[in-house]
2 protein chains.
Amino acid sequence: MNTVERQVGQRLTERGIRFTRARRRVVGALGRGDGPRSAAELHGDLGGAVPLSSLYRSLAVLEDAGVLSPHHGTRGLTRYELAEWLTGHHHHLTCVECGAVDDVHLSPAGERALEKVVDGITEAAGFGPTAHTLDIEGVCVRCR
Amino acid sequence: MNTVERQVGQRLTERGIRFTRARRRVVGALGRGDGPRSAAELHGDLGGAVPLSSLYRSLAVLEDAGVLSPHHGTRGLTRYELAEWLTGHHHHLTCVECGAVDDVHLSPAGERALEKVVDGITEAAGFGPTAHTLDIEGVCVRCR
DNA sequence: TTCCTTGCAAACGATTTGCATTGGA
DNA sequence: TCCAATGCAAATCGTTTGCAAGGAA
């Protein structure tokens with residue numbers, strides 16, 4: 001069992017939530033990490049081993065436990081990825097052409113500058129404290 | 001007729017697209033609004049005057065004409081707002097509690113700082129030139 | 001007339017849920 | 001054991017589409 005799975009297992013146990021086979025499979029597939037995946041994509045990744053309805057339930061439980069974060073993209077599709085406490089803080093580049101989402105890790109200097117800007121915005125608007133998540137839209141390398 | 005409607009009318013005419021009653025109503029409602037609206041919300045805003053199917057068709061035509069920009073939010077809902085050439089460049093604060101989206105206009109200094117950060121990210125990732133749109137998640141005033 | 005647009009209803013795809021069964025701590 | 005999790009099928013929700021009727025150029 002790799003580190004991520006152990007961390008997830010501990011988190012779930014702390015909360016009295018079982019780390020069942022289906023849930024392990026979901027976390028495993030996301031940990032193998034080809035980026036955010038939708039329920040349908042995971043269904044395929046797992047060779048149909050987990051039926052869609054169970055997949056959706058697993059995703060809901062894991063999201064609720066703070067293990068996964070949802071990402072709402074084009075065409076009403078929701079993709080999930082491991083939460084930041086498992087993968088590190090990062091941002092998203094969403095391709096407006098193909099809908100692909102790339103994870104981006106920012107330099108400490110860039111992150112500091114960004115935080116200043118975000119704080120300025122949220123304070124002015126009376127928004128509560130939150131870990132910011134930044135989605136930038138553009139055209140990815142593959143679609144240019 | 002206000003400025004926005006005149007601008008939209010001109011744009012549509014240039015492209016040989018009719019500015020019909022339903023389309024006028026959609027643009028009007030979005031112009032009156034303070035943020036992105038979903039088809040269902042617009043349906044309500046307009047008192048059911050435009051049936052949902054026609055609404056969706058109007059939204060598609062207007063998006064295609066570059067008058068509206070789609071915004072993919074929580075729970076597979078797509079919200080639309082007037083494009084930036086009509087409203088000015090701005091950013092989004094999405095409430096993770098209630099899903100509401102507020103528009104935010106940033107100070108020139110803030111915008112400059114932000115652009116630098118965004119450019120740094122996109123260049124490093126080989127992302128093509130695009131007007132960035134920033135979505136920041138948080139908890140809005142109403143939900144705190 | 002000749003297209004384009006509309007409205008209704010049916011179709012669709014993604015997600016959710018009811019219920020009987022299975023499984024894990 | 002005993003409640004939570006599963007799997008199937010049916011239901012739901014947002015959205016799209018076929019088709020016949022209405023409207024503008």
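Numbered from 1 within each chain, the chains take letters A, B, ... in sequence-line order.
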> Hey, is CZ on Arg15(A) packed in by over 12 heavy atoms from elsewhere, all under 6.0 Å?
Replying inline: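 More than 12 heavy atoms, drawn from other residues, nucleotides or ligands, come within 6.0 Å of this atom.
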> Among residues 54-63 of chain B, which contact DNA chain C at a heavy-atom distance under 4.0 Å?
Replying inline: Ser54(B), Arg57(B)
>> Within residues 35-48 of chain B, which residues have any heavy atom lying less than 4.0 Å from an atom of DNA chain C?
In response: none
Side-chain polar contacts of residues 107-123 of chain B - donor-acceptor pairs under 3.5 angstrom, sequence neighbours left out - could you list them?
from, atom 1, to, atom 2, distance (Å)
Ser107(B), OG, Gly110(B), N, 3.0
Glu111(B), OE1, His91(B), NE2, 2.9
Glu111(B), OE2, His89(B), NE2, 3.0
Glu111(B), OE2, His132(B), NE2, 3.1
Thr122(B), OG1, Val118(B), O, 3.1
Thr122(B), OG1, Asp119(B), O, 3.2

Kindly write out the residues that satisfy side chain to side chain contact (heavy atoms under 4.5 Å, CB included) with [X], not counting sequence neighbours, or none if the list is empty.
X	value
Arg32(B)	Ala29(B)
Ala125(B)	Leu93(A), Phe127(B)
Arg18(B)	Thr20(B), Arg23(B)

>> I need the Arg11(B) CZ to Trp85(B) CH2 distance, nearest 0.5 Å.
In response: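 Answer for the CZ-CH2 pair, Arg11(B) versus Trp85(B), is 4.5 Å.
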Does [X] reach the side chain of [Y], with side-chain heavy atoms less than 4.5 Å apart?
X	Y	result
Leu62(B)	Leu12(B)	yes
Leu42(B)	Leu30(B)	yes
Thr94(B)	Ile136(B)	no

Between the protein and nucleotides 23-25 of chain C, list every N/O to N/O distance that falls short of 3.5 Å.
from, atom 1, to, atom 2, distance (Å)
dG23(C), N2, Arg18(A), NH1, 3.3

> Between Ser69(B) and Leu82(B), what is the shortest heavy-atom contact and its length?
Replying inline: OG-O, 4.0 Å
>> Does Arg79(B) reach a base, just sugar-phosphate, or nothing at all? Heavy atoms under 4.0 Å.
In response: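 Nothing, no nucleic acid heavy atom in range.
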>> Based on the rotation axes of five pairs at each end, what angle does the helix from dT1(C)-dA25(D) to dA25(C)-dT1(D) bend through, to 10°?
In response: 30°
>> Which residues pass the side-chain hydrogen bond (donor to acceptor under 3.5 Å, both in side chains) test with Glu81(A), not counting sequence neighbours?
In response: His90(A), His92(A)
>> Considering only residues two or more places apart or on different chains, which pairs with a residue in residues 36-47 of chain B satisfy salt bridge (charged side-chain N to carboxylate O under 4.0 Å, His left out)?
In response: Arg37(B)-Glu41(B), Arg37(B)-Asp45(B), Glu41(B)-Arg79(B)
> Has Thr78(A) got a side-chain N or O lying under 4.0 Å from the OP1 or OP2 atom of dT15(C)?
Replying inline: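 For dT15(C), OP1 or OP2 has a side-chain N or O of Thr78(A) closer than 4.0 Å.
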> Does the pair Phe19(A) and Thr13(A) meet the rule for a side-chain contact (heavy atoms from CB on, under 4.5 Å), with working shown?
Replying inline: CA-CA 8 Å; Phe19(A) 199 15; Thr13(A) 303; 5.8 Å; no
> What are the bounds, 5' to 3', of the part of DNA chain D that sits under 4.0 Å from heavy atoms of chain A?
Replying inline: dC3(D) to dA9(D)
> What's the verdict on side-chain contact (heavy atoms from CB on, under 4.5 Å) for Tyr80(A) and Glu63(A), showing C-alpha distance, side-chain angles and the deciding distance?
Replying inline: CA-CA 8 Å; Tyr80(A) 291 86; Glu63(A) 180 188 351; 3.5 Å; yes
Please list every donor-acceptor pair under 3.5 Å in which a side-chain atom of residues 49-60 of chain B meets a protein atom from a residue at least two apart or in another chain.
from, atom 1, to, atom 2, distance (Å)
Ser58(B), OG, Ser54(B), O, 3.2

> Asp64(B) CG to dT5(C) P: how many Å, rounded?
Replying inline: 11 Å
> Pick the nucleotide of DNA chain D nearest each of Leu52(B) and Ala22(A); which residue has the one closer to the 5' end?
Replying inline: Ala22(A)
